[in-house]
Amino acid sequence: MSNSLKTRGLVVLFCLLLSLFALVPTLLRGNVPSWWPETFGPIQLGLDLQGGMHLVLGVDVDKAVESRVDTIIDQTDIRLKEEDIIYKRIERRQGDRLVVQVYDEDEGRKVEALMKSEFPALEPATITGAGGYIEKHFRLSDDEIENIRDYAVRQALETMRNRVDQFGVSEPTLQRQTGNRILIQLPGVADPDRAISLLGKTARLEFKMVDETANIQEALAGRVPEGSELLYERSTNRATGVETEIPLVVSRQTVLTGDLLADANVRIDSRFNEPYVSIDFNAVGARRFDQITAANVGRRMAIVLDDTVYSAPVIRERIAGGSAQISGSFTSQQATDLAIVLRAGSLPAPVEILENRTVGPSLGQDSIDSGIQSIWVGALMVLVVIVVYYQLSGLVAISALLMNLFFIAGMLSMFGATLTLPGLAGIVLTVGMAVDANVLIFERIREELALGRAPKLAIESGYSKAFSTIIDANLTTLLAALVLFQFGTGPVRGFAVTLSIGIIASLFTAIFVSRFIFDFYLKNRNVKRLSI
Amino acid sequence: MQLIKPGINIDFIGKRKFALIISLVLILAGFASLVRHGGPHYGIDFAGGTLVQVQFERQTHAAEINAALADVDLGVPVVQRFGEDTNEFLIRVERSTGELQGISMLITESLEQSYGAGQVEVRRVEMVGPQVGKDLRNKGMWAIFYAMLGILAYISWRFEFRFAVGAIIALVHDVVITLGMFSLFAKEIDLPIIAAFLAIIGYSLNDTIIVYDRIRENLGKHNKESFTFILNRSINETLSRTIITSGTTLLVVLSLFVLGGGVIHNFAFAMLVGVLVGTYSSIFVASPLLLLWQKKTAKAA
């Protein structure tokens, strides 16, 4: 008996010390040796408490498939011309289909042979189109489409991770979710709008030759020449700050892309004291840039970012060395952000925001304050009721309750759980429910005492009779909490976590710890009357 | 101190017809309100849309904010004061957009035009696209369903099947009434409310099981007595505990309701209703259901 009492005392002491040990980094915030928070990190606050941004972005994977088909079309176009195969037109249809129209069977067979050797992954089909043309259809296999989609999401995630790293957010979370969704959590981000535009910008940089022969008026009326497209050049008047959009017809073919960039940096233009972004190509890019500029001296080259022309300077001479500049009346922040996204690489497909929850830091602090306050007020009221009702035994229950709160905090730190606003509510709720186990036990003890049992015996049978009730009642609640954890998302999960931890901690404190206090108190005393 | 005298014997089961009327009135009132409003009043988590919480430097009111937003194409924004004496407002728009320049920026910009730059602080933005809203709604429904299923299995295993059925009906009773109250008080159902519903399920179940546990115990002890007697006796024996636990839980939920802050307000409201109804149902719904089951099977046999 005395031995078991000692063991139980040690168990309680051990749990107390372990919780205290786990809580030190939370309580002292950084004033501890670094191994300490590495073992038991401080309790993480959810975005709703510390402020920050929770974003779910959807990658437009169909666009990635389309752009792959477009790339194949560009390459095929070049190869067909090289092989002198006569064809009427080549185009993309229904997103994933490549169609080559030819005039007769002979050329059709040549097209098929060429495609088979160049792009073996494409599945061919022949359809006789209207007007006697033969249409050779090629489509990507389902596996290939699946691959492209998957790769697009993975690459988008990778690119965004690079961008976030350069943006400088502490402890960001980027995760791939089911399908084409990416979850991004940025704690304590100061300028949410800037973060969104930085993360979500496709940043597809393309260099295209301006189609000087095209008539702008015709193009504006919808008659864009074959092989060209109508884009707009964004320009800001330096004196008035008014933005205007100038239409420009450029060749559809991209001569060079941002994939070949090695670096991008912000520089200041000394003439207008205006920032611009200077870009450096890698070796392959530099060579191609050299060739292109050499071949097109005197013509205009448009620098296009996400289908907006930033500038379209005239190529005055061949440019060796592989650097260029993007200017476009930027503010210095715009220029910085542009440099970041160019360095981090472009997104393989556009993204859209599916979910955005942003909490400002001041609101988070308000929530913490009111949450903590409601825990203390609630706990205090429970304390008073229990002590008034159960007197000295009530004090035992109170010590168990306080230890319970302490253990919950300790376990939150040990499991690296995140505390959210609903999580705080879960703790408040646990305070209310934690006393239930003790109430059950005390009521049993009272019943036993009413039957005339001695205090020691009454306590013993009170605990043993209430035991199965407490287990059944708590396990079912735990079941509900676990289901909540499994199906819940975000903040709701925080509630499930604290509720589960609270149930486990309260089982331990109500059954084990309070029993120990009773036994310890009654050890060498012959108590006649129990204060209950 | 004792609130309930040990030998107390209130005829709870005898009042079951009266309890049935109360339950029916509560459920029907909720249903009527739900039908009138065309279903539950979903918040943006489930309906999709955009919510912006804005704090103003100077005193203002909803009509002025609405006027400031009149130029933006937002559909009909719903402007609500957040909390009581604050200068904070919730602006809710049904539309959501996937575009990077979100609706929240449009709102902020047009508010700053009317109130002046620096006069408006955006404290919270929530934008949920329709697809995500639908996903969340489905997930919430499944969570409640699976929780019920798990509970049914557990109680069938630990007790008997009829206890499980009684407990589940009592739970459905509690959730339906709370849902009805949300509709009656024109409160929105959001993601945290699903958490509250599951907490209510957990709490009410806790209560029911404690009474059931006593019934199980008394069935063994007093096998000569009538079932009604056993039910009544069990409820009376656990009455003191029921009142103390409900009381302490109500105290903390009340403190959450009053002090917990605006974001958690509806959650606390759900818990408040849930704890009251849950306590009531374990006495007046779950136990009489066992009697009903007993009578049905006796007739069949």
Side-chain angles (χ1 to χ4, degrees), chain A residues 48 56 58 192-193 196-197 200-201 352-360 362-363 366-367 370-371 373-374 377-378 381-382 385-386 388-389 421-422 425 428-429 431-433 435-436 439-440 443 447 450 468-469 472-473 475-477 479-481 483-484 487-492 495-496 499, chain B residues 1 6 53 97-102 105 121-129 131-132 136 139-140 142-143 146-147 150-151 154-155 158 191-192 194-195 198-199 201-203 205-206 209-210 213 237-238 240-241 244-245 247-253 255-256 259-261 263-264 267-268 271:
Chain A
D48 53 347
V56 178
D193 294 323
I196 288 184
S197 69
K201 184 173 258 162
E352 61 168 351
I353 303 174
L354 299 178
E355 193 182 344
N356 169 13
R357 294 170 198 271
T358 306
V359 172
S362 62
L363 181 66
D366 285 2
S367 296
S370 47
Q373 192 188 7
S374 65
V377 171
M381 289 197 287
V382 171
V385 169
I386 295 296
V388 166
Y389 201 76
L421 192 55
V428 179
L429 202 61
V431 170
M433 290 170 72
V435 290
D436 183 48
V439 170
L440 275 167
E443 289 299 318
E447 280 178 44
S468 80
T469 316
D472 278 340
L475 275 188
T476 36
T477 311
L479 203 72
V483 169
L484 195 57
F487 286 86
T489 48
V492 174
F495 174 76
L499 193 61
Chain B
M1 189 178 142
Q53 185 176 334
T97 175
E99 281 168 33
L100 299 177
Q101 291 249 337
M105 268 184 93
E121 188 200 346
V122 176
R123 304 188 87 197
R124 175 163 64 120
V125 175
E126 301 205 9
M127 192 286 287
V128 178
Q131 187 55 41
V132 173
L136 290 175
K139 263 189 166 174
W142 281 111
Y146 279 112
I151 288 160
Y154 183 82
I155 303 183
R158 290 286 294 169
L191 210 48
I194 296 293
L198 278 152
I201 288 177
Y203 179 81
L205 190 69
N206 194 49
I209 283 196
I210 280 153
D213 190 61
E237 279 177 355
T238 49
S240 174
R241 173 263 154 201
I244 290 292
T245 301
T248 54
T249 311
L250 269 181
L251 281 180
V252 293
V253 171
S255 120
L256 207 57
L259 303 169
V263 185
I264 209 82
F267 176 89
M271 287 306 302

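Every value quoted in this text rests on a predicted model; they were computed, and no experiment measured them. Numbered from 1 within each chain, the chains take letters A, B, ... in sequence-line order.
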Heavy-atom distances under 4.5 Å only: say whether B/Ile244 touches chain A with side chain, backbone, both or neither.
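The answer is the side chain of B/Ile244.
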Atom group of B/Tyr146 that falls short of 4.5 Å from chain A, counting heavy atoms:
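Both parts, heavy atoms under 4.5 Å.
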Are [X] and [Y] side-chain neighbours, meaning at least one heavy-atom pair lies under 4.5 Å?
{"X": "A/Leu354", "Y": "B/Gln131", "value": "no"}
{"X": "A/Thr476", "Y": "B/Arg158", "value": "no"}
{"X": "A/Thr477", "Y": "B/Leu205", "value": "no"}
{"X": "A/Val359", "Y": "B/Arg123", "value": "no"}
{"X": "A/Pro192", "Y": "B/Val125", "value": "no"}
{"X": "B/Leu256", "Y": "A/Ser374", "value": "yes"}

Option that, when pairs with chain A are counted at under 4.5 Å, heavy atom only, ranks first among [options]:
{"options": "B/Ile209, B/Val122, B/Ile155", "answer": "B/Ile209"}
{"options": "B/Gly129, B/Ala268, B/Gly247, B/Ser255", "answer": "B/Ser255"}
{"options": "B/Ile201, B/Val128, B/Ile210, B/Val253", "answer": "B/Ile210"}

Spell out, as yes or no, whether a donor-acceptor pair under 3.5 Å connects the side chain of B/Thr248 to the backbone of A/Val382.
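Side chain of B/Thr248 to backbone of A/Val382: no pair is present.
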Work out which heavy atom in B/Glu237 is nearest to a heavy atom in A/Glu447; give both atom names and the distance.
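Result for this residue pair: O-OE2, 3.9 Å.
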Minimum heavy-atom separation for B/Ala147 to A/Ala480, with atom names?
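Of all heavy-atom pairs spanning B/Ala147 and A/Ala480, the closest is CB-CA, 4.4 Å.
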Who among [options] has the most heavy-atom pairs with chain B under 4.5 Å?
{"options": "A/Val377, A/Asn356, A/Leu475", "value": "A/Asn356"}
{"options": "A/Gly360, A/Ala473, A/Ala481", "value": "A/Ala473"}
{"options": "A/Asp366, A/Val385, A/Val435", "value": "A/Asp366"}

I'd like to know whether B/Met127 forms a side-chain contact (heavy atoms from CB on, under 4.5 Å) with A/Ile353, so could you lay out the CA-CA distance, the side-chain angles of the two residues, the decisive distance to 0.1 Å, and finally the verdict.
CA-CA 9 Å; B/Met127 192 286 287; A/Ile353 303 174; 3.4 Å; yes
Under 4.5 Å from any heavy atom of chain B, what part of A/Leu479 do you find: side chain, backbone, both or neither?
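The side chain, not the backbone.
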Sort A/Val56 into side chain, backbone, both or neither according to what part of it lies under 4.5 angstrom from a heavy atom of chain B.
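Neither the backbone nor the side chain of A/Val56 comes within 4.5 Å of chain B.
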Verdict with reasoning, B/Gln53 to A/Leu363, per side-chain contact (heavy atoms from CB on, under 4.5 Å)
CA-CA 10 Å; B/Gln53 185 176 334; A/Leu363 181 66; 3.5 Å; yes
Can you tell me if A/Ser362 and B/Glu121 form a side-chain donor-acceptor pair at under 3.5 Å?
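Side-chain D/A pair, A/Ser362 to B/Glu121: present.
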Mind checking side chain to side chain donor-acceptor pair (under 3.5 Å) for A/Asp436 and listing every partner two or more places apart, or none if nothing turns up?
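Side chain to side chain donor-acceptor pair (under 3.5 Å) list for A/Asp436, sorted by chain: B/Asn206, B/Arg241, B/Thr245.
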